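One structure below.
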Amino acid sequence: MRTHARVVVIGGGVVGVGTLYHLARKGWTDVCLIERKELTSGSTWHAAGLLPLFNLSYSVGQLHKYSVKLYESLEAETGQHVGFRKVSNIRLARTKDRWDEYMYYKGIADTIGIRVEVLTPDEVKAIWPLCETDGLLGAIRHPDDGYIQPADLTQAMAKGARQRGAEIYRFTTVTGIEQQPDGLWLVKTDKGDITCEHVVSATGNFARKTGAMVGLDIPVIPVEHQYIVTEPHPAIQARHAAGLPEMGVLRESDSAWYMREEAGGLILGPYEKGAPCCYMDGPADDSEYELFQEDLDRLAPHIETAMVRVPAFGEVGVKKVYNGAIAYTPDGSPIVGPAPGLKNFWLNEGHSFGVTASGGAGWQLAEWIVEGEPTIDMGGVDPRRFGPYASRGYLREKNEEAYRNVFTPHYPDEEREAARPLKTSPCYDRMKALGAVFGSVYGWERPNWFAPAGYGIDVASLDKPDVITNHNHPTPDADGTVKEIWSFRRSNYFEHVGNEIRAVTEGVGLQDMTPFAKMLVTGPGARAWLDRILANRIPKQRGRLALSHLLTPSGGVRAEFTVYERAANQFYLVSAGGLERHDHDVLERLLPADGSVNLRPLTTSMGVFVLAGPRSRELLQSLTDTDLSNAAFPWLTGKALSVGTVGVDALRVNFVGELGWELHHPIEMQNRLFDLIIEAGKPLGIRPFGIRAMVSMALEKSYRNMGRELSIEYSAYESALDRFVHPNKGDFIGRDALVAGREKGYPNRFVTLELLDATEADARGSEPILKDGVLVGRCTSGGYGWRTGKSLALAMVRPDLGEVGTELEVTVLGTKHRAVVVPESPFDPDNLRLRA
Ligand SMILES: Cc1cc2nc3c(=O)[nH]c(=O)nc-3n(C[C@H](O)[C@H](O)[C@H](O)COP(=O)(O)OP(=O)(O)OC[C@H]3O[C@@H](n4cnc5c(N)ncnc54)[C@H](O)[C@@H]3O)c2cc1C
């Protein structure tokens, strides 16, 4: 065994081997993989091998698309048969909400370039004659989808990697991993040690055991997953004998199962309620090719619906039931990218569709390792999207929840309930008493909107379609009511959000934004360091605020911070709450080695209130002796002041486009501050407002969001950040690429669109944009703007179509809407209200 390598990949399942293959393809041939048993002996050998392209995440969708394309070519490349059967995949719909979900997905697929066809029930019958079509509204079909033999696929990628010089050591166990003082990693095995630059952990169900070797708490705990294989059925055998094509994969989403042919019989794979987490402490040391005792009772409701939909399924005996461990994460997406806090330690873990994802995940991870950045925005799978709050107990609840929701409709406004409330601001109970309906981000509870006193929808009055995945609202309160119905369209809370916005626009509103990520950057080198890493100028004048972006070397946007110089050599950085670990990790990685800059996370010690609206000055002035006049306290500045007895840093900035302040305060004084503000605000008609109101108001200001309009996939210039980017200020990360890119021209242009005839459903982001029937862009955000009375979207379009007045079409839930490019910031374009 070698003693040195550039990269050591741990784990010889489909995911680890896919990573090794792509590293070798990128030209890093001095790489090896270590597998404790035989290749595929973890989860991979018993996978059903389906390759579902369907995914509502723009990142994961692109990874899956890449995989399927790669798998088609592997046999020709390596000479190894992979058993790829492109038999297509049909997803049935029985409810209107399901149809909306499919149409929403079809929009995403169109923007990614994944083919999706729409079928009538009769067309389903023609392709799948054994399927009864009673009660179906229709279906979608992926013609390029199918299944593969997971073990053969793994062997083919192993062969492709070896052919390029990579080495694979089987029956070798990694027993320890240590980072040396020189930064290199020492990977210890039972057959000897290897020193390397990079380590990739792709250890499937062992993820937490591997993580423990380097002090990482990887948020992966598997769940039991079963599928049933039947004896052959004469009707299927007859089809084969007659030379008819395989019927393909069939998914009854509303009954949470998939089915496909297998050796003349059928496979049924349900995603049932009550499937437990397993391997809580990892599999045993000698575990290989392991299956659990089957539990058919748990599958019974799904089996019954399968027999109704495909009666042939009930006419044959069960040949075998597979019950194996399937790795899960709290949101069901994998963990692909750099491990937080560790240099050159990478994770490719938590795959529940690992056969499907392995190609794409390996491709992007190899780019990240070799080039320093991936080319696809991996935000949806980045390991840093979870924080240290994701404890073992949290994972048990959330991962089981993610599993049982694989087939429930993925409403964009859904708020899952497991493990909540977890992190609460001190004012949580006060907000609740005011009617807050909470959502959750990064473990934090945040008011989404406020329901009027006594408001509730009787669940008995709701339409209850006869489907297993009937799940469009939270668990009812004791009186049988719920506050919200989740939907792809405007839902019950729409008008209440409108009322909040009206209150903020006409008077004053209070919002709790405590989850904001906060960091204090101090030290003699702080200013110079921030200036070197961020694209905006760091304000020279103490107290000035600057919105600053951290770019990738190729000029895309990696992070966004509000920067405020609180005192000499003391900068306070604020960024999105959900990105705390990500944003703070990228800052840490860039710290100079000379110790001249220090970072101090402040997220949990500082609370944040947003006070916004034309009467916010009047209110705040009544509580402080600091002069809040425009001359003394202009827009985009900050100051330390006292609100009553509470010392705060007041920043005159907000995300809603109204006069207002963010009040950053010691978290232990939050309730005192809350009571002071509410009391003083009563005569002014103060109202609390939530995230949904904020999102609508931000949209009307064309404010960009990370992961949407701002992404590593778009240059800062494509996102129209010109006024925040200063190539003339001196060198900063991404500067050269920006300058060069501007000369060459970019493929996208950021625009604001008005949808002219959307009355029931608005864009949400990822809708396709067409001109004369040709795809010319995609929406990145969307919604209804209450102050402008318009359905709006932010979007990326072909540059020649970005002029104001250009007419385009946006497809929302399958319906084409006329859209027109409007000037940026449709509400108060001159920021008069902000500057008031
Ligand atoms: C019943 C069932 C059906 C499924 N069907 C599908 C499907 O149809 N489509 C799909 O895409 N996915 C499916 N999956 C999921 C799929 O099986 C997994 O996502 C995939 O196999 C994960 O691959 P992996 O490489 O991450 O993990 P694994 O295959 O488990 O590989 C991890 C490897 O790491 C090795 N390892 C761990 N620790 C060490 C160490 N210290 N030293 C050396 N080696 C180590 C292990 O021995 C193991 O071989 C299914 C899963 C189940 C349970």
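Remember, it's 1-based here, ligands and their atoms both numbered in the order they're listed. Not measured: the values here are computed from a predicted model. Numbers here are sequence positions counted from 1. The figures that follow rest on heavy atoms only: side chains count, while hydrogens, waters and symmetry mates do not.
- Crowding of Arg396 atom CZ: a count of heavy atoms from other residues, nucleotides or ligands under 6.0 Å not exceeding 12.
- The protein atom (non-hydrogen) at minimum distance from atom 2 (C) of ligand 1 is His225 CD2, 3.4 Å.
- The contact set between ligand 1 and Thr172, taken as ligand atoms under 4.0 Å from a residue heavy atom, comprises 43 (C).
- Under 4.0 Å from ligand 1, not a single heavy atom of Pro150 appears.
- Of the protein's non-hydrogen atoms, Ala48 N, 2.9 Å is the one closest to atom 5 (N) of ligand 1.
- Under the ring-ring contact (aromatic ring centres under 6.0 Å, His included) criterion, the residue pairs touching residues 274-310 are Trp45-Tyr289, Tyr279-Phe292, with sequence neighbours excluded.
- Considering backbone and side-chain N/O of Ala325, none are found under 3.5 Å from N/O of ligand 1.
- At under 3.5 Å, not a single nitrogen or oxygen of Thr40, backbone or side chain, sits near a nitrogen or oxygen of ligand 1.
- Geometrically, ligand 1 and Val174 share a nitrogen or oxygen pair separated by less than 3.5 Å.
- Among protein heavy atoms, the minimum distance from atom 53 (C) of ligand 1 is reached at His46 CE1, 3.1 Å.
- Each of the atoms 17 (O), 21 (O), 28 (P), 29 (O), 30 (O) of ligand 1 lies under 4.0 Å from some heavy atom of Ser43.
- Arg36 forms no cation-pi arrangement with Phe171, by the criterion of a distance under 6.0 Å to the ring centre and an angle within 45° of the ring axis.
- In this comparison of Lys209, Glu35, Glu290, the heavy atom closest to atom 33 (C) of ligand 1 sits on Glu35.
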Exercise. Salt bridge (charged side-chain N to carboxylate O under 4.0 Å, His left out) between Lys26 and Glu371: does it pass, once the steps are laid out?
Worked result: CA-CA 9 Å; Lys26 282 243 150 231; Glu371 322 275 1; 2.8 Å; yes
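- Under 4.0 Å from ligand 1, the heavy atoms of Ala202 that appear belong solely to its backbone.
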For this session: Give the intermediate values and the outcome of ring-ring contact (aromatic ring centres under 6.0 Å, His included) for residues His142 and Tyr105.
Result: CA-CA 12 Å; His142 286 94; Tyr105 164 70; 5.4 Å; yes
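- Atom 23 (O) of ligand 1 has its nearest heavy-atom neighbour, among Thr44, Asn348, Thr154, in Thr44.
- Of the protein's non-hydrogen atoms, Ile326 CD1, 3.5 Å is the one closest to atom 51 (C) of ligand 1.
- In terms of heavy-atom proximity, Met1 sits nearest to Asp193 at CE-N, 4.4 Å.
- Remark: Lys106 fails to qualify as a cation-pi partner of Tyr102 under the 6.0 Å distance and 45° angle criteria applied to the six-membered ring.
- The Phe353 neighbourhood of ligand 1 comprises atoms 10 (C), 11 (O), 12 (N), 19 (O), with distances under 4.0 Å to a heavy atom of that residue.
- Glu197 and Arg6 are joined by a salt bridge, as a carboxylate oxygen and a charged side-chain nitrogen come within less than 4.0 angstrom of each other.
- The line from CD1 of Ile194 to CG of Leu186 is 9.5 Å long, rounded to the nearest 0.5 Å.
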For this session: Run the numbers on His471 and Tyr411 for ring-ring contact (aromatic ring centres under 6.0 Å, His included), then give the verdict.
Result: CA-CA 10 Å; His471 175 78; Tyr411 298 103; 7.6 Å; no
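- The residue from Gln293, Arg298, Glu224, His225 that alone fulfils the side-chain hydrogen bond (donor to acceptor under 3.5 Å, both in side chains) condition with Asn323 is Glu224.
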Problem set entry | Worked verdict on Glu38 versus Ser41 for side-chain hydrogen bond (donor to acceptor under 3.5 Å, both in side chains) | CA-CA 6 Å; Glu38 185 53 272; Ser41 62; over 6 Å; no
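- For atom 36 (N) of ligand 1, the closest non-hydrogen atom on the protein side is Arg36 CD, 3.6 Å.
- Listed by atom number, the atoms of ligand 1 under 4.0 Å from Ile34 heavy atoms are 43 (C), 44 (N).
- Of all the heavy atoms in Pro374 and Gln364, the pair that sits closest is CB-OE1, 3.0 Å.
- Checked against a 3.5 angstrom limit, the closest N/O atoms of Ile10 and ligand 1 fall outside it.
- When hydrogens are left out, the protein atom nearest atom 13 (C) of ligand 1 is Ala47 CB, 3.7 Å; that is the closest non-hydrogen contact.
- Interface atoms of ligand 1 facing Val15, defined by a heavy-atom separation under 4.0 Å, are 23 (O), 24 (P), 25 (O), 26 (O).
- In terms of protein heavy atoms, atom 8 (O) of ligand 1 is closest to Leu50 N, 2.8 Å.
- Remark: Arg581 fails to qualify as a cation-pi partner of Phe386 under the 6.0 Å distance and 45° angle criteria applied to the six-membered ring.
- Considering backbone and side-chain atoms together, Tyr322 places no N or O closer than 3.5 Å to any N or O of ligand 1.
- Heavy atoms of Ala327 come nearer than 4.0 angstrom to ligand 1 in no pair at all.
- Neither the backbone nor the side chain of Trp45 comes within contact range of ligand 1; no heavy atom lies under 4.0 Å.
- Checked against a 3.5 angstrom limit, the closest N/O atoms of Pro52 and ligand 1 fall outside it.
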Per-pair distances, 0.1 Å, donor-acceptor, side chain in residues 355-363, under 3.5 Å, sequence neighbours excluded:
from	atom 1	to	atom 2	distance (Å)
Thr356	OG1	Leu50	O	3.1
Ser358	OG	Val14	O	3.2
Ser358	OG	Tyr71	OH	3.4

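- Close contacts between ligand 1 and Gly12 involve ligand atoms 33 (C), 34 (O) [criterion: under 4.0 Å to a heavy atom].
- Here's the thing with Val355: one of its N/O atoms is less than 3.5 angstrom from an N/O atom of ligand 1.
- Aromatic ring centres of His22 and Trp368: separated by at least 6.0 Å.
- Within the listing of ligand 1, atoms 25 (O), 29 (O), 31 (O), 33 (C) sit less than 4.0 angstrom from a heavy atom of Gly13.
- For Lys188, the NZ atom is loosely surrounded, since the number of other residues' heavy atoms within 6.0 Å does not exceed 12.
- Residue, atom and distance of the protein heavy atom nearest to atom 27 (O) of ligand 1 are Gly204 CA, 3.6 Å.
- Close contacts between ligand 1 and Gly324 involve ligand atoms 53 (C) [criterion: under 4.0 Å to a heavy atom].
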